[in-house]
Structure formats: C-alpha cells, structure tokens
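These notes concern the structure reproduced below.
A, B, ... follow the sequence lines: proteins, then strands. Residue 1 opens every chain.
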Amino acid sequence: MKPLCAADSKCVVQTMQNCWMACLILIASAALIENTDSLKAKRNELSAQIAEVSKRKEDATALKDQSRAIGDEIAHGDADLKEIEKDIETRLMLIPNLPHESVPFGKSAEENVVVREWGKKPTFDFKPKDHLTLGKSLGICDFERGTKIAGSGFPVYRAAGAILERSLLNFFLETHRERGTYTEVSVPFVVNRESITGTGQLPKFEEDLYRCDTDDLFLIPTAEVPITNMHRDEILSESELPLCYCGYTPCFRREAGSYGKDTRGFLRLHQFDKVEMVKFAKPDESYAEHEKLTADATHILELLGIHYRVILLCSGDMGFGAAKCYDIEIWSPCEEKWLEVSSCSNFESFQARRAGVRYRRSDNNKPEFVHTLNGSGLATPRLLVALLETFQNDDGTVSIPDVLKKYTGFSLITQNGMK
RNA sequence: GGAGAGGUGGCAGAGUGGUCGAAUGCGGCGGCCUCGAAAGCCGUUGUACCGCUUGUCGGUACCGGGGGUUCGAAUCCCUCCCUCUCCGCCA
C-alpha cells in the first residue's frame with residue numbers, strides 16, 4: 001500500500017479541506033435534521049389522529065391532506081440530508097489517521113528512527129551469491145514459468161523451494177501457537193466491498209487491488225482485511241479483550257505505480273504468502289499490545305538467526321490508517337540493503353470506526369470503539385531472500401536453520417536436491 | 001443450474017396496514033429469600049442521531065439492503081443480497 005504523501009503539500013491541504021468542510025457541513029446539517037425530525041413528529045401525530053377519526057367513521061380528508069403536504073416536505077428534507085451525508089462520508093473517508101504522540105515528525109522515510117538492531121551482518125570468506133543466482137542453480141524457484149502462467153510477479157517455487165516456503169509458514173504459525181497468545185484462523189481469500197472499506201483499503205487504494213468484477217469481490221491484499229472484519233458490526237465484551245488472531249493467507253497486490261522498483265526476484269511480488277497477526281484491544285492497552293505484537297514478529301527472526309532492525313516510522317512515512325507503525329527490516333547481504341518483512345501497526349479506532357467494532361466497558365456504559373492492530377508474522381518472499389543469502393555455503397549449497405529442520409525434513413539444499 | 005421456504009432485539013420466536021421498538025420464552029443485569037448457593041419470586045434489559053431546561057428529559061430513525069404504494073408499512077408491491085431444504089451437477 002502506498003503511504004499517504006504527507007510530504008506532498010497538496011495532499012495535506014486536501015486533507016485539511018476535507019476535515020473542515022466535513023465539520024461545517026455536519027454542523028449545518030443538524031438544523032436540517034431538527035427540522036425534518038419535528039415534521040416527522042407532526043406527521044406521526046396526524047397519523048394517530050387519522051386512525052382515531054377513521055375508527056369513529058368520520059371524515060379524515062382534511063387531516064390526510066395536511067399529512068400528505070408534510071410528507072412532501074419531509075421527502076425533500078430527507079433527500080437533501082441523504083446527499084449531505086454522502087458528501088460528509090466521502091470527505092471523511094479520505095482523511096488519514098492522526099499519528100500518536102510517540103511518532104516522530106518527519107516528511108519521508110529518511111526521518112524514520114531505528115529503534116533497535118539485532119544480530120550482525122553476515123560475513124563470508126568467499127564471494128556470496130545473490131538469491132536469484134542461488135535460486136536458479138538450486139532449482140528452487142522458476143520465475144519464467146510463473147510469468148507464463150500468470151504474469152510477472154507470480155513466482156513458482158519448486159522442489160526444496162516449495163517445501164521450504166511451506167515450512168516457513170508452518171514454523172510461523174506453530175511459533176505463535178506455542179507462545180499461546182493467538183487463536184489461529186483460516187479465512188476467505190476474497191472479501192466483499194464492505195470488508196475492504198472497513199479496514200481502510202477503500203476508497204483510497206482501489207487501484208492496488210485485484211477485483212472480481214462480476215461479484216464485486218476483492219482478492220485480499222493482506223489477511224488483515226478478512227481477520228479484522230470477522231468482528232465487523234459487533235459489540236464485544238470487555239472480558240474477551242484483547243482478542244488475538246493469527247492466520248495464513250496468500251496476499252494479492254497489483255502494486256500499481258511501483259513498476260521498475262525492486263522488481264528483482266522475490267523483492268516485490270503480486271502474490272505472496274504471509275502469516276498475519278491481528279489484535280482487538282482496549283484503547284488503554286493497545287500500545288502495550290503493539291509492543292508485544294512487534295516482539296512476536298521479531299522473535300521469529302531471532303529463532304531463525306536473521307539480522308534485523310526495527311524502524312519507527314515518522315509521520316510522513318506512515319500508512320493511511322496507522323497511528324503508529326514499526327517496520328521490521330531484515331538484511332540482504334547481496335542486495336546490501338534492508339528489506340521490509342513486516343509492518344506492525346496500531347490503527348487505534350481508525351478501522352474500528354469504519355468497521356463498527358466496539359466493546360462495552362460495563363453494562364451501564366455506552367459501547368466504545370476498540371483499537372485494532374496488526375502486523376506480519378511474517379511474509380515469506382523477502383525472508384527467503386535473506387535466508388538463502390545468509391545461510392549459503394561456499395559450494396553454492398544453502399543450510400537450513402536448526403529451528404526449521406523439523407518442518408523441512410532436510411537440512412541442506414544442494415544442486416541435486418536436498419539432504 | 002431447477003424447485004421451494006425464510007431473513008424480526010444477545011439468542012429462540014410471535015406479529016399480515018394505525019394502539020408495535022415490537023408479545024412470549026431463554027440469556028444478561030439489579031433486588032428479595034439464604035450462612036452461602038441453587039430453585040423460586042419481583043423488577044430491569046438494543047443501537048444511532050437531533051434538541052435543550054444535560055434528565056432514570058423530549059424528539060426522530062432502525063424488523064436483511066434499496067425503491068414504491070399509502071395520511072400511515074415489520075406487515076402490501078418491486079428489486080437486490082443472504083440463509084436453509086429438496087433435486088441435478090461437480091470438487
């Protein structure tokens with residue numbers, strides 16, 4: 001997803017305009033609502049009178065005429081109101097979330113803050129090969145055939161590659177399960193328009209989604225969408241919070257506008273696999289949960305022994321709906337750059353408002369919006385890049401990290417297969 | 001794909017034009033009883049918006065979504081969506 005261009009002054013001005021206009025229109029509409037409501041009250045009164053008069057078998061024509069006239073007025077008022085509401089809604093939906101106070105101000109990715117770094121850059125006493133070269137010589141991926149089947153950005157994993165990829169997903173899910181925090185879910189890979197509006201991908205990011213036109217369904221860009229929408233339009237009880245889910249899904253992204261950027265190999269794909277963590281939390285606990293969620297994601301990297309760092313995104317680099325966001329980046333020794341494998345975000349009530357997810361503090365209180373959070377834990381393609389490059393040997397083979405061996409069933413990928 | 005049935009409050013389930021935000025039961029909450037609990041009894045119990053005299057206040061809307069008929073719609077008509085049953089077909 002493209003972040004909101006906070007550095008772009010035109011964008012900021014538009015947002016401000018939408019905020020103010022929405023406020024002004026809202027204030028103005030109150031008078032209109034008051035007017036039509038009192039007309040409706042009058043009509044209800046007349047209807048009751050008509051019912052009574054008719055029961056007595058008396059003539060109610062005059063009353064009916066009066067009621068009909070009021071009805072016309074109401075119809076006009078309601079039509080105006082409907083248009084106004086639509087206008088407000090359109091404006092509100094384009095307003096991004098507000099950053100949390102702990103988020104540094106900044107215009108672009110350059111002003112992000114490195115929060116912590118774990119491990120160190122791997123060194124080699126031979127010339128390391130990049131993941132594409134390794135992938136090809138080991139026969140574990142086939143981009144050409146993926147392109148033939150579907151198009152560029154749709155990779156084929158084969159042999160040890162396919163097994164390794166599947167093993168990673170199982171390793172992620174099992175690791176989360178062992179920690180006992182998350183309930184695993186398996187959810188639909190397509191969602192309806194309401195769902196994708198609920199998590200905030202619509203209306204702003206429609207061009208990044210694959211759509212099934214005949215049914216107006218969308219291929220999910222992340223499991224965040226179906227999982228967060230599980231509780232759409234629900235009032236949760238305080239005792240069940242925080243609700244924590246994790247689930248595997250493939251993710252589909254058109255990546256419109258990012259052609260030519262990171263197109264090599266696994267760096268940017270139209271389809272990839274990911275395990276996502278999603279939380280519904282009480283507002284006063286959401287930031288603590290955010291830290292835990294981020295730690296759950298990095299825990300996996302520590303088990304694997306992959307060098308990573310955690311970045312706190314500045315205000316200008318954050319996504320549309322996030323109030324605070326940590327990116328987890330892993331080191332690619334051959335690309336010689338950091339690769340984002342997870343974004344752990346606290347959306348506060350941004351998604352909860354759109355999706356209508358609330359909870360009741362106690363039975364006397366009105367329902368309040370929950371806070372929603374999510375983060376990858378983790379996505380496979382870029383992790384594969386770091387994994388292949390980090391654990392390669394001088395003979396061109398790749399060693400499997402210890403923790404993965406029970407999932408793969410082999411400990412070495414060689415040119416002839418696996419051992 | 002063919003035929004039929006249905007979508008009502010947290011759940012179950014009445015209601016076929018006005019007195020229905022909606023009977024009844026279950027659940028939840030409060031109270032009585034009790035050493036305590038169960039049972040029983042009594043009471044209470046949705047959401048959103050608008051207004052002000054901010055109140056156990058007044059008003060409006062909501063019975064799958066949208067539209068229509070009517071003075072008035074949960075109720076009648078149209079349309080869309082969804083669920084269920086049977087038949088067919090296929091993983």
Side-chain angles (χ1 to χ4, degrees), chain A residues 19 21-93 186-198 202-203 211-218 220 225-226 229-241 243 250 280 282-283 349-370:
Chain A
C19 286
M21 286 306 288
C23 283
L24 292 175
I25 297 166
L26 192 67
I27 292 163
S29 72
L32 191 52
I33 291 170
E34 197 188 344
N35 187 39
T36 54
D37 275 6
S38 69
L39 285 172
K40 283 174 188 171
K42 178 76 181 161
R43 181 175 65 180
N44 288 344
E45 212 176 287
L46 281 170
S47 287
Q49 281 177 33
I50 291 167
E52 231 176 279
V53 168
S54 306
K55 206 181 257 178
R56 290 201 304 264
K57 304 245 166 21
E58 289 170 20
D59 180 42
T61 316
L63 287 171
K64 285 186 185 178
D65 287 347
Q66 206 184 332
S67 178
R68 192 181 295 123
I70 291 176
D72 290 344
E73 241 184 292
I74 292 171
H76 279 116
D78 277 347
D80 289 348
L81 218 47
K82 206 171 171 180
E83 223 161 283
I84 287 170
E85 271 164 18
K86 213 173 122 192
D87 185 21
I88 293 176
E89 168 108 344
T90 310
R91 290 173 189 279
L92 290 182
M93 291 303 260
S186 173
V187 291
F189 302 162
V190 292
V191 290
N192 57 32
R193 189 168 278 274
E194 274 171 298
S195 294
I196 205 138
T197 306
L202 285 184
R211 190 167 91 230
C212 313
D213 249 328
T214 17
D215 304 292
D216 203 31
L217 292 171
F218 298 83
I220 56 169
V225 181
N229 275 282
M230 287 204 307
H231 295 294
R232 172 151 48 86
D233 296 323
E234 287 185 17
I235 299 175
L236 306 165
S237 68
E238 184 177 16
S239 59
E240 62 188 320
L241 297 177
L243 273 169
F280 300 83
K282 287 192 266 184
S349 62
F350 182 89
Q351 294 180 325
R353 284 168 198 278
R354 291 170 180 239
V357 189
R358 293 172 295 173
Y359 81 107
R360 209 188 293 276
R361 217 169 252 289
S362 84
D363 285 287
N364 296 331
N365 279 336
K366 293 194 100 188
E368 289 173 46
F369 290 107
V370 300

(message) Closer than 3.5 angstrom, by distance alone: can the side chain of S29(A) be matched with the main-chain N or O of L26(A) as a donor-acceptor pair?
(response) yes
(request) Mind calculating the distance between CD1 (I33(A)) and P (C52(B)) to the nearest angstrom? (result) 13 Å
(message) Checking the side chain of T197(A) only, and the main-chain atoms of R193(A) only, is there a donor and an acceptor separated by less than 3.5 Å?
(response) yes
(request) Starting at CD of E89(A), measure out to CD1 of I84(A) and round the result to the nearest 0.5 Å. (result) 14.0 Å
(message) Nearest heavy atom decides the nucleotide; on that basis, is L26(A) or G71(A) closer to the 5' end of RNA chain B?
(response) L26(A)
(request) Taking only the side-chain heavy atoms of K55(A) (C-beta and beyond), determine which of U19(B), G59(B), A48(B) contains the nearest atom. (result) U19(B)
(request) Could you check which nucleotide pairs with G58(B) in any of the strands shown, counting Watson-Crick or G-U wobble with both distances under 3.5 Å? (result) C50(B)
(request) Name the pairing partner of C20(B), where a pair is Watson-Crick or G-U wobble with both distances under 3.5 Å, or state none. (result) none
Write down the protein N/O and nucleotide N/O pairs, taken from nucleotides 54-56 of chain B, whose separation is under 3.5 Å; answer none if there are no such pairs.
none

(message) Can you measure Q66(A) atom CD to G72(B) atom C1' for me and round it to whole angstrom units?
(response) 14 Å
(message) What I want to check is whether the side chains of R232(A) and S195(A) have a donor and an acceptor closer together than 3.5 Å.
(response) yes
(request) Can you measure from CG (N229(A)) to CD (Q351(A)) and round to the nearest 0.5 angstrom? (result) 8.5 Å
(request) Calculate the interatomic distance between R232(A) atom CZ and U47(B) atom P; express it in whole Å. (result) 20 Å
(request) Could you give me the CA-CA distance, side-chain angles and deciding distance for K82(A) and D78(A), then say whether salt bridge (Lys or Arg N to Asp or Glu O under 4.0 Å) is met? (result) CA-CA 6 Å; K82(A) 206 171 171 180; D78(A) 277 347; over 6 Å; no
(message) Checking base pairs now: Watson-Crick or wobble, both atom distances under 3.5 Å. What partners G10(B)?
(response) C26(B)
(request) Give me the one residue out of I196(A), V191(A), V190(A) that meets side chain to side chain contact (heavy atoms under 4.5 Å, CB included) with I220(A). (result) V191(A)
(request) Grab the CD1-P distance between I50(A) and A73(B) for me, whole Å please. (result) 11 Å
(request) Go through the side-chain N and O atoms of E234(A) and H231(A) and say whether any donor and acceptor fall under 3.5 Å apart. (result) yes
(request) May I ask which nucleotide in the shown strands pairs with G1(B), Watson-Crick or G-U wobble, both distances under 3.5 Å? (result) C87(B)
(message) Can a side-chain donor-acceptor contact be found between N44(A) and S47(A) if the only test is distance below 3.5 angstrom?
(response) no
(request) Please determine, for the side chain of E34(A), which listed nucleotide (C50(B), C71(B), U19(B)) has the closest atom? (result) C50(B)
(message) Between R43(A) (side chain only) and R68(A) (backbone N and O only), is there a donor and an acceptor less than 3.5 Å apart?
(response) no
(message) Checking V370(A) against K282(A) for the side chain to side chain contact (heavy atoms under 4.5 Å, CB included) test, could you report, in this order, the C-alpha distance in whole Å, the side-chain angles of both residues, the deciding distance, and whether it holds?
(response) CA-CA 5 Å; V370(A) 300; K282(A) 287 192 266 184; over 6 Å; no
(request) Identify whether the distance between the nearest side-chain nitrogen and carboxylate oxygen of R91(A) and D87(A) falls below 4.0 Å. (result) yes
(request) Would you mind reading off the distance between K42(A) atom NZ and G72(B) atom P, rounded to a whole angstrom? (result) 15 Å
(request) Starting from P on G27(B), measure out to CZ on R360(A) and report it in whole angstrom. (result) 19 Å
(message) A quick test of your reading: do over 12 heavy atoms of other residues, nucleotides or ligands sit less than 6.0 Å from CD of E83(A)?
(response) no
(request) Under a 3.5 Å limit for both distances, which nucleotide forms a Watson-Crick or G-U wobble pair with U34(B), could you say? (result) none
(request) Would you indicate what R358(A) reaches in the nucleic acid, counting non-hydrogen atoms under 4.0 angstrom: base, sugar-phosphate, or nothing? (result) sugar-phosphate
Each nucleotide N or O in nucleotides 78-83 of chain B that has a protein N or O under 3.5 Å away: list the pair and distance.
none

(request) Determine, for nucleotides 61-68 of chain B in 5'-to-3' order, which nucleotides have protein heavy atoms under 4.0 Å from the base (write B), from only the sugar-phosphate (write S), or from neither (write -). (result) S----SS-
(request) Find the distance K366(A):NZ to U47(B):C1' and express it as a whole number of Å. (result) 8 Å
(request) Could you work out which one of G46(B), A48(B), G72(B) sits closest to the side chain of P367(A)? (result) A48(B)
(message) Whole angstroms only, please: what is the CG-C1' distance between N35(A) and C49(B)?
(response) 15 Å
(message) Would you measure the distance from the C1' atom in G31(B) across to the matching atom in G7(B) and give it in whole Å?
(response) 38 Å
(message) What's the gap between C89(B) and G15(B) when it is taken at their P atoms, as a whole Å value?
(response) 39 Å
